[in-house]
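Inspection log for the structure reproduced underneath, given as structure tokens.
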Amino acid sequence: QVQLVESGGGLVQPGGSLRLSCTASGSIFSINTMGWYRQAPGKERELVGSITDGGTTTYAASVKDRFTISRDNAKNTVYMQMNSLKPEDTAVYYCNADRVVFTSRSAYDNVWGQGTQVTVSS
């Protein structure tokens with residue numbers, strides 16, 4: 001079974017930066033779109049941004065020009081650089097893979113990471 005392993009979350013002061021990473025484990029043949037979501041207390045999970053296998057990115061208006069998503073297909077990893085962080089960015093951040101295909105040709109859709117906490121506070 002595929003596992004998405006996240007890292008990079010933590011506590012940061014307003015105006016600071018963090019970089020989140022998410023790596024898919026296993027013998028991976030391909031991954032389609034990968035995305036980052038977040039969920040704050042009392043709110044629904046929302047899409048922060050995404051990146052296709054071809055490198056096309058999209059961002060929520062609230063993070064555009066502050067966050068940057070990239071991927072390294074050779075490492076089966078997606079990154080999100082977060083700059084100029086605000087207290088309202090505080091949330092649990094989740095990695096998602098739309099479709100993961102193993103070298104065995106087994107495929108898994110809508111795979112989620114375990115979530116990582118980002119806290120922006122002075």
Side-chain angles (χ1 to χ4, degrees):
Q1 182 172 268
V2 65
Q3 182 179 11
L4 300 183
V5 181
E6 299 171 319
S7 63
L11 175 65
V12 66
Q13 295 185 39
S17 298
L18 287 172
R19 189 175 80 154
L20 304 184
S21 300
C22 173
T23 299
S25 63
S27 298
I28 306 298
F29 178 76
S30 66
I31 305 176
N32 199 355
T33 299
M34 301 186 75
W36 289 97
Y37 294 73
R38 67 185 180 186
Q39 187 167 21
K43 300 182 67 176
E44 295 291 323
R45 188 173 300 184
E46 65 174 345
L47 176 65
V48 179
S50 65
I51 184 167
T52 70
D53 53 342
T56 301
T57 56
T58 60
Y59 299 95
S62 59
V63 306
K64 190 174 179 63
D65 300 324
R66 296 190 297 121
F67 294 7
T68 303
I69 296 173
S70 61
R71 67 189 287 167
D72 185 336
N73 291 331
K75 297 180 179 179
N76 299 311
T77 298
V78 63
Y79 306 93
M80 185 161 68
Q81 179 69 41
M82 303 185 294
N83 298 327
S84 302
L85 284 162
K86 306 173 181 179
E88 47 264 48
D89 294 317
T90 296
V92 177
Y93 284 72
Y94 297 90
C95 177
N96 174 270
D98 182 61
R99 184 176 70 191
V100 181
V101 181
F102 288 91
T103 54
S104 66
R105 297 299 177 88
S106 296
Y108 297 85
D109 294 337
N110 197 30
V111 181
W112 292 90
Q114 80 288 347
T116 184
Q117 178 71 48
V118 172
T119 302
V120 185
S121 176
S122 60

Hey, could you give me the CD/OH distance between Gln3 and Tyr108, rounded to the nearest 0.5 Å?
13.0 Å

For Arg99, is the CZ atom crowded, meaning more than 12 foreign heavy atoms sit under 6.0 Å from it?
no

Looking only at heavy atoms, which two atoms of Met82 and Leu85 are closest? And how far apart?
CB-CD2, 3.8 Å

Do Met34 and Val5 sit in one hydrophobic cluster, given that two such residues count as connected whenever their side-chain heavy atoms are within less than 4.5 Å of each other, even indirectly?
no

Distance check, rounded to the nearest 0.5 Å: Asn32 atom CG versus Thr52 atom OG1?
8.0 Å

Side chains of residues 7-24: which donor-acceptor pairs under 3.5 Å do they make with residues two or more places apart or in other chains?
residue, atom, partner, partner atom, Å
Ser17, OG, Asn83, OD1, 2.9
Thr23, OG1, Thr77, OG1, 2.8

Is the closest side-chain heavy-atom distance between Tyr59 and Thr68 below 4.5 Å?
yes

Are Ile28 and Ile51 joined in one hydrophobic group, where the rule is that I, L, V, M, F, W and Y side chains link up if heavy atoms are under 4.5 Å apart?
yes

In this structure, would Val101 and Val111 fall into the same cluster of hydrophobic residues linked by side-chain contacts under 4.5 Å?
no

With a 4.5 Å limit on heavy-atom distance, are the side chains of Val78 and Cys95 in contact?
yes

Is it possible for you to say whether Val92 and Trp112 belong to one hydrophobic cluster, with membership spreading through side-chain heavy-atom contacts below 4.5 Å?
yes

Are Tyr79 and Ile69 close enough that some pair of their side-chain heavy atoms sits under 4.5 Å apart?
no

Determine the minimum heavy-atom distance between Ala97 and Val100, stating which atoms define it.
CB-CG2, 3.7 Å

Hey, what do you get for CZ (Arg71) to OG1 (Thr57), rounding to the nearest 0.5 Å?
11.5 Å

Listed pairs under 3.5 Å, donor-acceptor, residues 113-122 side chains, sequence neighbours left out:
residue, atom, partner, partner atom, Å
Gln117, NE2, Ala91, O, 3.4
Gln117, NE2, Thr119, OG1, 3.4

Give the minimum heavy-atom separation between Met80 and Trp36, together with the two atoms involved.
CB-NE1, 3.6 Å

Rounded to the nearest 0.5 Å, how far apart are CG of Asp53 and CD1 of Ile31?
10.0 Å

Could you go step by step and tell me if Leu4 and Tyr94 meet the side chain to side chain contact (heavy atoms under 4.5 Å, CB included) rule?
CA-CA 10 Å; Leu4 300 183; Tyr94 297 90; over 6 Å; no

In this structure, are over 12 heavy atoms from other groups packed under 6.0 Å from Glu44 atom CD?
no

Is there side-chain contact between Arg38 and Asp89, with heavy atoms separated by less than 4.5 Å?
yes

Enumerate the residue pairs fulfilling disulfide (SG to SG under 2.5 Å) with a member in residues 33-83, sequence neighbours excluded, ordered by first and then second residue.
none

